[in-house]
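One structure is given here, and the rest of the page talks about it.
Keep in mind that what you see is a predicted model, and the values were worked out from it rather than measured. Below, chain A is the first sequence line, B the second, and so on; all start at residue 1.
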Amino acid sequence: MAPAYLLAGVSAAGAAGCGRETDLAGVVCSLGCKIVELPVTYLGLPLHSGAIPKNKVQGLVDKVVARLPAWRGSMMSRGGRLVWIKSVMTAVPIYAMMANGIPTWAREEIEACCRRFLWAGADASVRGKCAVAWPVVARPYEFGGLGVLDLRLMGLALQVRWLWLQRNPADDGRAWTELPLKVAPEVRCLFHASTNFEVGNGQQTLFWKDRWIVGSSVEDIAPALISLVAKRTRSSQSVAVALQGNQWIRELRGGFSVQAISQYLKLWDAVREINLSPSTPDRLLWRWSSDGHFSV
DNA sequence: AGATCAGAATCCGATTAAAG
DNA sequence: CTTTAATCGGATTCTGATCT
């Protein structure tokens, strides 16, 4: 049996009284796990009840710095240092970026480290030695860069991956699928802008938010109409439920503006043509790849 | 050869956003 | 509602390339 860790704020549980303590002991007994006080390092990552403290993140930055060659590249050509950056330096933070994401300051410190190494080598200062700005270096060759990984964009992509795994109907059966996922708003925007749903039985697709009507969402077609729907409904009602006896129309509350009426008619037209096929599940498609799959 | 220019990093203060 | 952190814009600093 795989070892499991039950992580709990022991001080909080202790304050709650001994009744809780015995409950806890029962859980520990039946699960065969142990109790650790937060914060803790789990699978090489800092785990914390609140925000991850700065010194834990600093440890990650230090790990990248430690990967600099001992002689600081004084014996390496600039091309050699570039290869080192691409294959070693930028690979170190990938794991942490995938799990939690890393704060802006940490990413900038890692980039500054790579920048100093590439342009200045063993010299301490990089001022005035950079041939081109770092955002240019971090572009693919075909866009005039040196093909170094852009850590900000890679971080976004790695976070989008969680949303993809959560929403992909072809990939269900994950225990955390129904749990709320905490990602940055721009990650959600990127996911929304990059994905289409191909509706089958309509159970996995959100009627109001997802892009499922020939590449656009209800939000795109009828922005004025959206405000008449309860927030909770917007983020939970599936296409299947909404189309069942035109339930979606009953979700519209409040007075219609002229604009809303015209958008309502437009949406009515678009939705009328949709036929669900109960036997096929919905499909989630990544718009930027030919096979519709997301990969990083 | 010396002056000047261009491009980039870094520093610093002010504004804005988030957390408790 | 206050404190703290993040972000932004402008000023400064630095070096190599170019011009006179």
Can you tell me the distance, in whole Å, between the CH2 atom of A/W105 and the C1' atom of B/dA9? 19 Å
To the nearest Å, give me how far apart CD (A/E109) and C1' (B/dT10) are. 13 Å
Separation of atom CH2 in A/W119 from atom P in B/dA9, rounded to whole Å: 9 Å
Under 4.0 Å between a side-chain nitrogen and a carboxylate oxygen: does that hold for A/R272 and A/D269? yes
Can you see if the side chain of A/R115 gets near the phosphate of B/dT10 - specifically, an N or O under 4.0 Å from OP1 or OP2? yes
A/E111 and A/R107 ion-paired at < 4.0 Å: yes
If only side-chain N and O atoms of A/R116 are considered, is one of them under 4.0 Å from the OP1 or OP2 phosphate oxygen of B/dT10? yes
How many Å lie between CZ on A/F117 and C1' on B/dA9, as a whole number? 19 Å
Could you tell me if A/D282 and A/T205 have a donor-acceptor pair between their side chains, going purely by distance under 3.5 Å? yes
